[in-house]
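Working notes, beginning with the structure itself.
None of these values were measured; they are calculated from a predicted model. Residue numbering restarts at 1 for every chain, and letters A, B, ... go by the order of the sequence lines.
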Amino acid sequence: MSQSRRDRASTHQRVLAEQQAAQRRRERRLLAGVVGAIVVVLVAAGIGFQAWRTHRAPDAGTLTPGPSVPVTIVDGQPVSWGSPGAPVTVDLYEDFHCPHCAEFEEEYGQVLADAQAAGTIRLRIFPMSFIDAGSTAAANAFACAAEAGFGESYYTGLFANHTLDWSDSQLVQLAERAHGSPVPAEFSTCVSQRSHAGWVDSINTAAATAGVDGTPTMFLDGSRIDIEALNPDSLTTKIEEAARP
Amino acid sequence: MIAPRAQPHRFDDWAPWISTLARLIVGGVLLVAGALKVIDPQSAIAAVRAYELVPAWLERPIGWGLPFLEVGLGLLLVSGLFTRAAAVAAGLLIVVFLIAVVSAAARGLSIDCGCFGGGGQVAPGQTSYAGEIVRDLGLLALCGWLVWQPRSRFALDHEEQR
């Protein structure tokens, strides 16, 4: 092979290699653009997804509407359910926007409802509102619902839909599910006028007085229960032990 | 007799493994942190609001968008795609988090950083700013390593492309 032919061959190879490298760089730039666009779309879609999750209408499926007695709303006093003569008192401090409270309800709501139905406990609900404006609106609407006589199913619905914003229209929509249509006009007014705003404040004060600094907090006959160390069976046992004369 | 391989080669042997480890740690932390914040949209906004750093209209886009950015960067780092660019972006994000936490501490706020979901006000004395800052500095150091040594094992990036 002559010198010049070898040169031509190596030049040819070099040109080929450069072309391939340029091709790879173009592909790489294209891929970078695509991946960058995917990340931007992911973030935008994520914001849209969360907007949908918080603005949609409440679910109906998880509710078990039952007849409940209208409750009189008294400043500083919780909403209480169950027989006044029940041997055990359970105090619950929760915020309707607190995710751990929603988990608590999912895990222990049935145990408490059963004990209440059996006449073993009197359940006293202190809806605190420290997370955001939605907490306050929901606590007010809860008082409106309790007063109108569908507090228990409304309470279940608030926690079953805890990711919602709790705009006034969502709070009324939930009442349509919990109470059935049409919703009493007084309820809608009570929600939009924040009729129980004073009571909501008084519950926050009562919680501070009781030394409650987080939610969910539960007291069984006045003694604080460590929820972290609890399971549904041990809660049942604790209630049964407390109910023994 | 053949001479043993010279010392300078050894760094090139183990550095890609360190980079793989750094990718998995930073990417894994970002994935977990992002996912935990996606679960609860209300807490995500409350966590941003607690810092008192951005106007109200920005609380939602940040509270809802940032977790998905973390997930996206986490996926890039874990898979080893565009490692250097992803490490630069993750590093910048961590610097922003650091500034936010340091400023919260300096202003005497009592908040949870909301780094892994949750967030918002906590009782005075319940804050853990020092731990949060140390963790972020550690992650920042790993990002710095990846910017310097983006080549790693088990990565989608090609050898010559980084």
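In this structure, the portion of B/L81 lying under 4.5 Å from any heavy atom of chain A is its side chain and not its backbone. Neither the backbone nor the side chain of B/I45 has a heavy atom closer than 4.5 Å to any heavy atom of chain A. Contacts of A/V43 with chain B are made by both backbone and side-chain atoms, with heavy-atom separations under 4.5 Å. For a residue to count as touching a neighbouring chain, one of its non-hydrogen atoms must lie under 4.5 Å from one of that chain's; by this rule A/A51 touches chain B with backbone and side chain alike. At a 4.5 Å heavy-atom cutoff, A/H100 makes no contact with chain B through either its backbone or its side chain. There is no contact between A/I38 and chain B, counting heavy-atom distances below 4.5 Å.
Considering every non-hydrogen atom in both A/T54 and B/R60, the closest pair reads OG1-NH1, 4.4 Å. For the residue pair B/A46 and A/I131, the shortest heavy atom distance occurs at CB-CG2, 4.0 Å. For the residue pair A/Q50 and B/V38, the shortest heavy atom distance occurs at NE2-O, 2.9 Å.
Distance check: B/W64 CH2 to A/F49 CZ gives 11.0 Å after rounding to the nearest 0.5 Å. Between the CG atom of A/D132 and the CD atom of B/E59 there is a distance of 10.0 Å, given to the nearest 0.5 Å. Within the model, atoms SG of A/C98 and CD of B/Q42 stand 12.0 Å from one another, a figure rounded to the nearest 0.5 Å.
A donor-acceptor pair shorter than 3.5 Å cannot be found between the side chains of A/D213 and B/Q126.
The most heavy-atom pairs under 4.5 Å with chain A, out of B/G117, B/A50, B/G65, B/G63, come from B/G65.
Within a 6.0 Å sphere centred on CZ of B/F116, heavy atoms belonging to other residues, nucleotides or ligands number more than 12. Atom CD of A/E106 has 12 or fewer heavy atoms from other residues, nucleotides or ligands within 6.0 Å.
Between B/D40 and A/R53 no salt bridge is recorded (no basic side-chain N to carboxylate O distance below 4.0 Å).
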- Message: Run the side-chain contact (heavy atoms from CB on, under 4.5 Å) test on B/D157 and A/R28 for me, step by step, so that the C-alpha distance in whole Å, both residues' side-chain angles and the decisive distance to 0.1 Å come before the verdict.
- Response: CA-CA 10 Å; B/D157 279 335; A/R28 182 79 178 162; 3.1 Å; yes

- Give the intermediate values and the outcome of side-chain contact (heavy atoms from CB on, under 4.5 Å) for residues A/I47 and B/F68. CA-CA 8 Å; A/I47 294 175; B/F68 286 96; 5.9 Å; no

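Counting heavy atoms from C-beta outward, B/L69 and A/V39 have side chains that approach closer than 4.5 Å.
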